[in-house]
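What follows is a short report on a single structure.
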There are 2 protein chains.
Amino acid sequence: MSEAPPPVSGSPTLEDVARAAGVSRATVSRVINGVRNVNPAIQETVRQAIAATGYVPNQAARSLVTRRTGSVALVVSGAGVEGEENPFPNQVFADPFFGRVAGGVVGYLRPLGIHPVLLFAETDAARAEVVDYLRQGKADGAILVSTHGEDPLPKLLVDGGLPAVLFARPPEPLPISYVDVAHRTGAKLAADHLVARGCHRVATISGPLDVLAAQDRLAGFRDAMAMHGHPYIPCVEGAFTLDSGAAAMERLLAEHPDVDGVFVANDLMAQAALQVLHRHGRLVPDDVAVVGFDDSSAALACKPPLTTIRHPVEDMAAELARLLLAQIEQPDQRVTSVIFDPALVVRESA
Amino acid sequence: MSEAPPPVSGSPTLEDVARAAGVSRATVSRVINGVRNVNPAIQETVRQAIAATGYVPNQAARSLVTRRTGSVALVVSGAGVEGEENPFPNQVFADPFFGRVAGGVVGYLRPLGIHPVLLFAETDAARAEVVDYLRQGKADGAILVSTHGEDPLPKLLVDGGLPAVLFARPPEPLPISYVDVAHRTGAKLAADHLVARGCHRVATISGPLDVLAAQDRLAGFRDAMAMHGHPYIPCVEGAFTLDSGAAAMERLLAEHPDVDGVFVANDLMAQAALQVLHRHGRLVPDDVAVVGFDDSSAALACKPPLTTIRHPVEDMAAELARLLLAQIEQPDQRVTSVIFDPALVVRESA
DNA sequence: TTGAAAGCGCTAACAA
DNA sequence: TTGTTAGCGCTTTCAA
């Protein structure tokens, strides 16, 4: 057990291991990388030498020749304004949605020994940095989670020929793989549930209609209600925010005081709607049933707890990671997209 | 403007730029790295060549020779149990404390072009991976945010001679730089405030007394109260959790029904204490004044909003990043620690 | 099945 | 001030 004199300086290299094992660097490399055609006995010797020397491969040297870093960027991107005050939106972390995405990505990547680098791209400068980050080979590809629809980063990446995948379908068609949820299916779930509850005078509060998801949710809801014999469904457009949800609910109540069921395009607006209904003395769900969308943390914070449509965010994020790795392996492969089915989560509001 | 034939394959290298500029690789390298002693005219030529070729330095090649990656790991560590179900604690992201830490770190590092890699180290295996991550040269150092006191990772890193810094003083003395908050000062702030309000029968709910921060907060509070002429302050030990806070408050009320001021060692327990007081018909702050510690999101969620002690978490995190970079530059420098003063945030509970 | 040798793209002595 | 050159530690042909 006495061998492998400690290397004079720095940590041991392949050379040191090779010398300790009495083989060539190439052989040690083969053992480490699990290349077949290596004599089992030699494999064992090499393994012992590795343990004895405490060898750890140098990632830089490895990357230089393989042109891979084995790391990916997890980019939280948006259409933020140049010169924004806060360079790092704390709220991103507070957002349970992002937490679930990160959880799904890490859950898939960690067993593969890949750890995501966290990048924020709220400004043009930051977006340019992301592109550079990938071009410098600091990461092999990027998983993008956009907070806004008009995010220019996906196009930048595609134009740069950099491997990237997207959470949610891009507004403009782009040759990029993405995952998304079947918004229409989710909206149908909400419609079916409201009808099954016996709601007859149903309305909806949509998201901003320049956002794809909002369009799809509205269309899906209307289609499903039409199937149930309700050809016209009143709609007030919101902006996915608390304030806009409150305003929309007020207007809905003013224009359709007899409403007994509302599908709200996201939980945040639904939470506000619930408060408005409460102020107006309407009991939820008895007088008015409310269904939200997202199953965000807001859904549980609601009074009463919100019945809503849940994305399989973690699964979607894991699939996204898988798609990215596939694209890194085979850059010229056709883009793939995967649409996930959402599920109805019944709580007390409907 | 017609030069630099596009490189045959892959992206341009230093060689390509050098050829386009009619100089040597070394000169281009000097220009890129801002080394002085380069003829301004040549500098300009080189810059144009860089722009013309679209050159971006290869990080792997650079790291191989400089032995620096220019990236750091942000490690969320704990004393988690082996084989835990959830490999990635979503709640970490939900925790506003972590968000603030990350914000401070990113705020400091991003202008330097450094992006943190997010690592989780809840299990022994994960901790070994963190050590390997650094040993492989995938990051130059680690910023550790431990969720538990007995986290073994700091020692692993120190023993490995790997650059690392800690958020919060390690329980066992360790040659590692850290930042922390002056717990005793914070507790004194709380004491002074309660006394100034006119509280005469003051008690405290401490954290688990095997945790340093809990010890310091208790001692600091008692010392300050003694200065105000209250030599003995009743104390019930909690566990920094909601449940333990409620239990402690119940006990306090049973043993000292005439209490009119309580310092609770963290906001979560204070929140529970508030609920218990409410159940017992005690008005806060009129009957009983309550001061928490941390200024976590719980403080604002309380009814009434909690008066509490706030850490300058972002500043602390930024300083931590600075300490790490300093240590990476000068590995054999003595460890430094910086203690930050907390501040009293007066809301409605006291 | 194994070894020798040629780089990967860059920085940093050392010369000129 | 600039160029030449020698590696950094690894993977990967190509021969043996």
Side-chain angles (χ1 to χ4, degrees), chain A residues 7-47 49-50 53-71 132 134-138 140 329, chain B residues 7-47 49-50 53-71 132 134-138 140 329:
Chain A
V8 182
S9 79
S11 44
T13 70
L14 259 198
E15 185 72 49
D16 298 317
V17 178
R19 201 177 311 121
V23 299
S24 71
R25 288 205 309 268
T27 298
V28 178
S29 176
R30 288 185 189 110
V31 171
I32 288 171
N33 295 297
V35 177
R36 54 175 195 290
N37 297 342
V38 179
N39 184 321
I42 293 193
Q43 279 193 39
E44 188 46 32
T45 312
V46 169
R47 260 181 242 297
I50 289 174
T53 52
Y55 171 77
V56 176
N58 176 309
Q59 184 60 44
R62 195 175 248 183
S63 292
L64 187 54
V65 36
T66 61
R67 314 190 143 275
R68 285 287 160 69
T69 65
S71 100
D132 264 21
L134 294 175
R135 295 229 301 144
Q136 293 180 8
K138 291 184 175 176
D140 299 333
E329 286 314 315
Chain B
V8 183
S9 76
S11 44
T13 71
L14 260 197
E15 186 72 48
D16 298 317
V17 178
R19 202 177 310 121
V23 297
S24 72
R25 288 205 310 270
T27 298
V28 179
S29 177
R30 288 184 189 111
V31 171
I32 288 171
N33 294 298
V35 177
R36 56 175 193 290
N37 297 341
V38 179
N39 184 320
I42 294 194
Q43 279 193 39
E44 187 46 34
T45 312
V46 169
R47 261 181 241 298
I50 289 174
T53 52
Y55 171 76
V56 177
N58 177 310
Q59 183 60 43
R62 196 174 247 184
S63 293
L64 186 55
V65 38
T66 62
R67 315 190 141 275
R68 285 288 159 70
T69 65
S71 99
D132 263 23
L134 293 175
R135 295 229 303 143
Q136 293 180 7
K138 292 184 174 177
D140 299 332
E329 286 315 314

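Nothing here was measured: the structure is a model prediction, and the numbers come from that model. Proteins get letters first, then strands, A, B, ... in listed order; numbering begins at 1 in each.
The CD-P distance, from A:Gln136 to C:dT11, rounds to 11 Å in whole Å. Atom-to-atom, CZ of A:Arg25 to C1' of C:dA4 comes out at 9 Å; the value is rounded to the nearest Å. One atom, CG of B:Leu14, and another, C1' of D:dT4, lie 15 Å apart when rounded to the nearest Å. Computed from coordinates, the A:Arg30 CZ to D:dT12 C1' distance equals 8 Å when rounded to whole Å. A straight line from CD1 of B:Ile32 to P of C:dG9 spans 14 Å, rounded to a whole angstrom. Distance CD (B:Gln59) to P (C:dG9): 15 Å, rounded to an integer number of Å. A:Arg62 has its CZ atom 8 Å from the C1' atom of D:dC10, to the nearest Å. Taking atom CD of residue B:Glu15 and atom P of nucleotide D:dG3, one finds them 12 Å apart after rounding to whole Å.
When side chains are defined from C-beta on, B:Asp16 counts as touching B:Thr13, because their heavy atoms get closer than 4.5 Å.
When all heavy atoms of A:Gln59 and B:Lys138 are compared, the closest pair comes out as OE1-CE, 3.3 Å. Of all the heavy atoms in A:Thr69 and A:Ser63, the pair that sits closest is CA-OG, 3.6 Å. Nearest heavy atoms, A:Tyr55 versus A:Leu14: CE1-N, 3.4 Å. Considering all non-hydrogen atoms of both residues, A:Arg135 and B:Gly54 come closest at NH2-O, 3.1 Å.
Taking the screw axis at each terminus of the helix from C:dT1-D:dA16 to C:dA16-D:dT1 from five consecutive base pairs, the angle between the two is 40° to within rounding of 10 degrees.
Side-chain atoms of B:Thr53 come within 3.5 Å of backbone N or O of B:Ala49 as a donor-acceptor pair.
In terms of position on DNA chain D, the residue among A:Pro57 and B:Thr27 whose nearest nucleotide sits closer to the 5' end is B:Thr27.
Backbone-only contact: A:Arg67 has heavy atoms under 4.0 Å from sugar-phosphate atoms and none from a base.
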**side-chain contact (heavy atoms from CB on, under 4.5 Å) between B:Ile32 and B:Ile50, intermediate numbers included** = CA-CA 9 Å; B:Ile32 288 171; B:Ile50 289 174; 3.8 Å; yes
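Between A:Asn37 and C:dT1 there is a side-chain polar atom (N or O) within less than 4.0 angstrom of OP1 or OP2. B:Ser24 has no side-chain polar atom (N or O) that falls below the 4.0 Å cut-off from OP1 or OP2 of D:dT2. The phosphate of D:dC8 (OP1 or OP2) has no side-chain N or O of A:Asn58 nearer than 4.0 angstrom. Between B:Asn33 and the phosphate of C:dT11, there is a side-chain N or O to OP1/OP2 separation shorter than 4.0 Å. Applying the 4.0 Å criterion to OP1 and OP2 of D:dT11, one finds that A:Ser29 has a side-chain N or O inside that range. Applying the 4.0 Å criterion to OP1 and OP2 of C:dG9, one finds that B:Thr13 has every side-chain N and O outside that range.
For B:Leu64, counting side-chain heavy atoms from C-beta on, the closest listed nucleotide (C:dA12, C:dG9, D:dT11) is C:dG9.
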